[in-house]
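Okay, so here's the structure we're looking at.
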Amino acid sequence: MALKLADVRTDLHNDWCSGCGDFGIEASLQMALTEMNVDIHRVVIFSGIGCHGKIVHWTNAFGIHTLHGRTLPFAQGAKLANPGLEVIAISGDGDGYGIGAGHFVHSGRRNVDMTYIVHDNGVYGLTKGQASPTQKLGEQTKSLPQPNINSAVNPIMLALAAGYTFIARSYAFDNRHLKDTIKRAVAHRGLALVDVLQPCPTYNDIETKAFYSGEDRPDPSTHRPVPRVYDIEKTGYNPLITTDMTNEDVDKKTLEVIRISNEWGDRIPVGVFYQNENVPTYEDRIMRRVPFYLDQPPATQQIQLQNKKSAVDLSSLLKELTIGG
Amino acid sequence: MALKLADVRTDLHNDWCSGCGDFGIEASLQMALTEMNVDIHRVVIFSGIGCHGKIVHWTNAFGIHTLHGRTLPFAQGAKLANPGLEVIAISGDGDGYGIGAGHFVHSGRRNVDMTYIVHDNGVYGLTKGQASPTQKLGEQTKSLPQPNINSAVNPIMLALAAGYTFIARSYAFDNRHLKDTIKRAVAHRGLALVDVLQPCPTYNDIETKAFYSGEDRPDPSTHRPVPRVYDIEKTGYNPLITTDMTNEDVDKKTLEVIRISNEWGDRIPVGVFYQNENVPTYEDRIMRRVPFYLDQPPATQQIQLQNKKSAVDLSSLLKELTIGG
Amino acid sequence: MSSKTVNELNWMIGGAQGSGVDLSASSFARSCALAGLWVYGTREYYSNIKGLHSYFEIRTSGRQIRSKVEGVDLLATFDAETVVRHADAVNPDGGIIYDPAVSQTPIEKVDTLYKDEVRQIQARLAQEGLGSDVDAILEEAKGRGVKLFAIPYGALIQEIAKRLETSELTRLNRIVNVLAVSVSLSLLGLDRRYMEESVRQAFAASRKQKLVEMNLAGVDRAYEFAKEKFGEGGLPIRLAPIQNKPRMFVVGNQAVALGKMAGGCRLQTYYPITPASDESEFLEAHENFDLLGGESNDGKGSIVVVQTEDEIAAVTMAIGGALAGTRAATSTSGPGFSLMVEGMGWAGMNEVPVVVTLYQRGGPSTGMPTRTEQGDLKFVLNASHGEFPRMVLCSGDMEECFYDAFRAMNYAERYQLPVIHLVDKGLANSNMTILPPDPNLVDIERGKLILTSGGGAPKDGEYRRFAPAEDGISPRAVLGLKGYRFWNTGDEHDELGHINENSENRIRMMKKRMSKLETADREIPVTEKVGFYAAAGRPDVTLVSWGSSKGAILEGMELLEKRGIKAEFLQIRLASPFPAQAVRERLSEAKLVIDIEQNYSAQMAAVIAEKTQINIKHRVVKFNGRPISCNEIYDSVRQIVARPEANERVILTHGA
Amino acid sequence: MSSKTVNELNWMIGGAQGSGVDLSASSFARSCALAGLWVYGTREYYSNIKGLHSYFEIRTSGRQIRSKVEGVDLLATFDAETVVRHADAVNPDGGIIYDPAVSQTPIEKVDTLYKDEVRQIQARLAQEGLGSDVDAILEEAKGRGVKLFAIPYGALIQEIAKRLETSELTRLNRIVNVLAVSVSLSLLGLDRRYMEESVRQAFAASRKQKLVEMNLAGVDRAYEFAKEKFGEGGLPIRLAPIQNKPRMFVVGNQAVALGKMAGGCRLQTYYPITPASDESEFLEAHENFDLLGGESNDGKGSIVVVQTEDEIAAVTMAIGGALAGTRAATSTSGPGFSLMVEGMGWAGMNEVPVVVTLYQRGGPSTGMPTRTEQGDLKFVLNASHGEFPRMVLCSGDMEECFYDAFRAMNYAERYQLPVIHLVDKGLANSNMTILPPDPNLVDIERGKLILTSGGGAPKDGEYRRFAPAEDGISPRAVLGLKGYRFWNTGDEHDELGHINENSENRIRMMKKRMSKLETADREIPVTEKVGFYAAAGRPDVTLVSWGSSKGAILEGMELLEKRGIKAEFLQIRLASPFPAQAVRERLSEAKLVIDIEQNYSAQMAAVIAEKTQINIKHRVVKFNGRPISCNEIYDSVRQIVARPEANERVILTHGA
Ligand SMILES: Cc1ncc(C[n+]2csc(CCOP(=O)(O)OP(=O)(O)O)c2C)c(N)n1
Ligand SMILES: Cc1ncc(C[n+]2csc(CCOP(=O)(O)OP(=O)(O)O)c2C)c(N)n1
Ligand code: SF4
Ligand code: SF4
Ligand SMILES: [Mg+2]
Ligand SMILES: [Mg+2]
């Protein structure tokens, strides 16, 4: 039974600022949910603290609005306890790349099979517009008293260094691309990052919608704006790492990812930068230790007998620790 | 007045395990201190928690043994309060790349002019040998009950992604190279990382001294071991980013850094991978806001008058907030 | 018209976040202040950037005021929601300014109301046989005697546009705020020149002449319109200028920032969080400041403000700065403080002076980020594993925010320990007129600090950072000082600062550190530890409280006195070291004691019980995130005094 | 030889960390246990991997014992440092086993002694007119009547090498441990077969036959040598086998791990930290375990153990797991817990069952990582900003470690809140023989948990995670359960779990959450809240304590009774919700109350004062990181009973 958009929306009042890129992300996510081949009852969305974090309340799926910067460990805990869940973690750029940078790096090392979407608006929205880690050095968005004093991180490169096996970028107001990218991220086996360029009309007056869509630079002939955002996959770029590639091939691809990810200004690349399903997921790795992990994961194990007693038979363990007898 | 090694050593009992690579790092650091052109009274060494952390107690300079994973923010605080200090921060790999990964990334974005040395032994020494973030997936060092379940981070690439402006690697038992690298790191204007490969004979039975020095693979003719560790700069590699380089040149260099940093196994590169003094330091950036910052940094400002009253003249500020009158 | 109250007013304005309500409120307040009146304002808003409801209450008076009062005299609105939410708070002889264009709006169309709220209001109106729209609400108010003032904002703006010969209606629409304020002031009879000046000052910084003109045109038209239409308006209150002495008009976090600056803070680290970051941003905006008689650096001093990657970095970076010899502080709210506790413990262990200003807000967890609470007291008293000395200061009002921020910097250095300065959102986001604070009332006291080689030189040639001392306080050198090398470690350490696990050393060091609290307790005068406000005569009741409830309590006491109930008030200002003796003395003589706190479990009462074994049975608590009003104090105390046995715990619930 | 004590012994062995002392200690203990004796062992070591001094005390007895005792009967050493550090602890009629090869070592050459320690010892010896080397120490002991047993380890090892026809002297050198233990057992008259069996068991896992042989050869030669050389040795103590019933020989963190496993924990997250990580590593090593009557999965259950990047991730990951419906826990020590408090608050706000086992160690900050303390009580009771319910269990011994770990999992789910299980290094690293715990004594109680669709179905079709409930506890569904969608947020929320800042909602939700503590207080039987150990007759003194002091107190009471002092003991087992009534009842009748704690400020006494307003004036505290012995209890209580007014606070200082 196909879901309609209305099924995956709650009827709460949405309190984002009008024109906020978050609306685009919300819509794309919800459309992806209706089109994806997953049981909506198994979908759990985690978010952090920031404007972005409210997305779970507008979305009609299990929704866990966690702590600032801690989205990833919360989400991984749920997924590892019940690998049958379809887990989507969502952060802001302050949340995910700022205070959450440590978890960002270490989650890459695990490669748990889930999706991570980051609302990348260059600012700390909910605390009134301080610079986020993706804001460039020397930029001065509206509410900064002085130009930004920190250099920006490149999330694509950071993800690559950390071990993410699917790395993509999309744009909040390109609904179709974002929706498709989310679907591909969810379908990916392993940890998938979708960095979403998100205008914040209230605090970021530099990377605006007009900026991304190139309204300041009309095509001389058509007089229509030439968007800065372009889809790398439309230029023939192929993000896939395949098993038949040599180490050199992989190295080359990696370097290409980084080269492209450094583009900014007149051309801003979106699309899937990197996909590698040859790295075992964390679930695969657990299976090597706990053979029945996927059949009987932590969340579904019977822990008690009919008579309420513990289902565990401690005897061999106790014996191991017993002396004499 | 030249310092002797004895001057920069305390007379405390050193309680590292015998054969520990930390001894090599300690000796190299102390030699660097005697040879460097800095006033030893201005040298402050910060360390984290782990075996490595005790290094400050064996070293006769201001020594601050901080918290697990927090070396970098402590050190930056001191340096920013008094930019006249020569600050050297030291971590273990668990400390710096594990629990401290967030600070690692964000310190790169600041580029405070100081040095960061990481004792990279692949394990959590002081807590008895759990895998650290640089231990490879599937490796099983001595005290692991199971093969390591996490992928390793590549500290060089992570540093590059984070914005470190000097990135080097050395080897604990190559005294001369390590000492020279530390001296270059200290001389560098900006944040300098020195990742030091450090055997932990007690818990890491894979990346041992014998491994690094290639004792398992004698040269067929000389029968002498062929070390795995090689100095990239001896192969003609030049880490310097210069102002006359084009963006493409810089991109190329960056990619080369990453390519080399991925080498492991039979050839393990050490040396300075990357050096870029064209990025303003955090101190430079403060100067643009606070013109007298370097002359009168926080730590040396007079805050009181002779009569113990506050030296601050609040009147113009109070006026700004005053109504009427 | 002699029956009118003069210069006692509670005015309210509401509207969507981001629609300029804050500007309205401050121009109203500023107008009053320019007229020489005293002002006290509070702000309520959601954890939201734009669109959800926010409102301000501005009290103004001929004498200094310091708390919120129940009942609105004049409610200025320009949207439906504000009418719906606040009409019932308007006093029977008060007034409501509204836009007739919204009066047909059905309640359920106000989609920023929670569903439950809509249902409740609809049910209430239905019960009264009224309709279900804004008009019904207005009718309900009118039924209670409230005067209604319809302002056709749209038409007025059209007229102004014509006058100014502009077509920028979108921009002009923003002057709806000025219209509402101006109509209010006109109804209250305050000469328009105060509002005009207020507008000029408000836009002085922006230097947009056009904007000033538009707004002045708005003032003009609004005064005109109100005069024509409502005359004197029939409101029982008048505002009249009374004097013209300069006053400061500040919000709490500015008072803290000024206190820190004067108190010598030169490094402030922070990670953004509501409601703390305003303080850091104020400091950053004023990072270069004037020095007294300074010649060097053009007579400028400076503070370095660093936005860190998280609160762990904020506190540890501040500690690093303090080690280098600067006065360092950080500023945060509950969630941030939760991340700082490990760092606090390290500072305690290594005797590092560091100040954390903690802006309490509704907890637990993310809680209610923009609402007030005093829920963190017991947490900060016990934060971090193990035992180490810390000081905890609790400010009760704007002036204390300033002086305590200054003193916190002193205490940290004198006693070489972490100091927590507790304030709350209620203080941070309230604004009021005060007399300018005088930094000269407090000396800078750096304690046993060695800043220059030779100062407090070690006797045996070897500097021992943790040398034993009678008072527990060793001479403290700073990093980089020649001849004063030292070590620090979070591990137990010897006098030099090296790790040492020896049993005797451990006992000695624990005693040394902990004894500093006794030293502080001995040295600090009791007036800095507790505030005491005697009753006029033998007290019927003793009120005990701390922090931002102070203002409401003091004004509540006046109300009580008018009804013949004599109350005295013991304000705990220092929560650690706890002034057990002073408190015990006061309370053991008391007849009836009531503990008043803005949290669920009466945390200060618990601390008092622990420290003095006095169980304060009667408690007034409030934990709905809205500040206490003086009337709530009055009501609850009266209730308890009347029937003590039946009212051991009174929960206050006011506030929309 | 009838004057000999039989089966009452305190044996000590010391040596450098990593030199095999732990192996010696466990083979000694194992030998005793194999002979049917009860064993209690404690371990002291530095925060160091190799080289610094560590030592074990193994008490063994014919009856069950549960504490440390002062005075060593037989000290086994093979290095200089152990003699220097511990000779003075040997009882006058006890013995010291030593290596004559080290007897000439000057004290100052023992470079793992702190300089201060060297000076102190030298001064002491000088005062006694003795030399300044190991021999002087031995002489000093001999002067007190201590017997000396010189063991030429080197020569013995050479002989063994010859016998085994091996030249692997480096490997053989390690059997020095076995020699010391075997000589000890020989002197004590225990048949060698127990030691032989012990050696076999110790190396059973390693399957290195060669190693077993070597060690058995060591046992052989050592027994031989001791017999030849010392005969019965003249020690006043004998060990004699008494029975052969199976006993468990466990350390505290294993007891906790087993309790968690039986209690249904299926996800354990952790970040390495001393002394907590042993528990997680034990669980990981046993991640696949047997189920009762299970057919599926070959009758195997499993626990997933995840090493996280830090403690913030550990606690939040566990919470994520709990939301999905598994019983989840994490395990840490003070510094780690300091990082977990924000997560705890979120769990409290969202009513998530999560268990944190907190192994207390010497604080503050990094403190003394390998030493014991009970310094975190008030911290955990108040950890995190704002107010939310939490439960805090304090285990007093090995058995309680097991059952409390089990119950903690129950409480968390029944009351839907975070539970902190407080243990300490003293418990974690002690080992003892106990009767195997019986998991069937506790039922698995999951409370209002909905695991399957249709279970506890919501009446109006819409599941409301935070639906109001009389007892404060709403039916709890898990993530992924069809028909039971819910939301969570750290913000204040409505019944569905959506953000809600409405005042009434806030008050309702705060009350609902906090009332769960009252429910727990009502439902949990008093026997799980406090332990009470009556005196034999009308008590002279009432001892109050918690946690690992229990064993020493119980045995101290026996010592006191022998001297005619009748003591009763009230053990607080549940610190939150605090059993105020039970405690008040017990204490208000008491004649003389003494609070005994292993921290500086007597934290439980503070909690008792807060909750009951009873001020326990007399306090025995210990904070040097070494566990309390039963003799210290005896001495301090006697001292206070003798002169209460002069001894309000007694600080215990024993332990090397
Ligand atoms: C521990 C902690 N520190 C600080 C905050 C305050 N805070 C709330 S939202 C936010 C930043 C949000 O920025 P981002 O993650 O980029 O989200 P956005 O609002 O831009 O969507 C911060 C710092 C918090 N909630 N918790
Ligand atoms: C917050 C916190 N968590 C855990 C620990 C325990 N701990 C002490 S050392 C250490 C790991 C050290 O590993 P590494 O940084 O690699 O240093 P090494 O010992 O290998 O030199 C840990 C986890 C701690 N001290 N603090
Ligand atoms: S502040 Fe920015 S990110 Fe937040 S809701 Fe408004 S526009 Fe969106
Ligand atoms: S455990 Fe490893 S890192 Fe630590 S001191 Fe020993 S050898 Fe060195
Ligand atoms: Mg953002
Ligand atoms: Mg390491």
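What you are looking at is a predicted structure, and each value in this text was computed from that prediction instead of being measured. Letters A, B, ... mirror the listed sequences (proteins, then strands); counts begin at 1.
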The interface call for C:Leu358 against chain D, heavy-atom contacts under 4.5 Å, is neither
Between C:Glu44 and chain D, which part of the residue has a heavy atom less than 4.5 Å away: side chain, backbone, both or neither? neither
Select, from D:Pro369, D:Pro335, D:Ala609, D:Ala606, the one with the greatest count of heavy-atom pairs under 4.5 Å involving chain C. D:Pro335
Region of C:Tyr600 in contact with chain D, defined by heavy-atom distances below 4.5 Å: both
At a heavy-atom separation under 4.5 Å, does C:Asn350 approach chain D through its side chain, its backbone, both, or neither? neither
Nearest heavy-atom neighbours spanning C:Ile507 and D:Leu652: CD1-O, 4.4 Å
Is D:Gln603 close to chain C through its backbone or its side chain, or both, or neither, when contacts mean heavy atoms under 4.5 Å? side chain
The interface call for D:Leu377 against chain C, heavy-atom contacts under 4.5 Å, is neither
Smallest separation among heavy atoms of D:Gly363 and C:Arg506, with atom names: O-NH2, 2.7 Å
Under 4.5 Å to a heavy atom of chain D? For C:Gln374 that would be neither
Which heavy-atom pair separates D:Val341 from C:Phe379 by the least distance, and what is that distance? CG2-CZ, 4.2 Å
Given a strict heavy-atom distance threshold of 4.5 Å, which part of C:Glu373 is in contact with chain D: side chain, backbone, both, or neither? side chain
At their closest point, which heavy atom of D:Ser384 faces which heavy atom of C:Ser338, and how far apart are they? OG-OG, 3.3 Å
Name the region of C:Lys511, side chain, backbone, both or neither, that has any atom closer than 4.5 Å to a heavy atom of chain D. both
If I measure from the heavy atoms of chain D, does C:Glu117 come under 4.5 Å with its side chain, its backbone, both, or neither? side chain
Whether C:Glu501 and D:Arg626 form a salt bridge (side-chain N of Lys/Arg under 4.0 Å from carboxylate O of Asp/Glu) is what I want to check. no
Can you tell which part of D:Arg513 gets under 4.5 Å to a heavy atom of chain C, answering side chain, backbone, both or neither? side chain
Under a 4.5 Å cut-off applied to non-hydrogen side-chain atoms, are C:Lys611 and D:Glu610 in contact? no
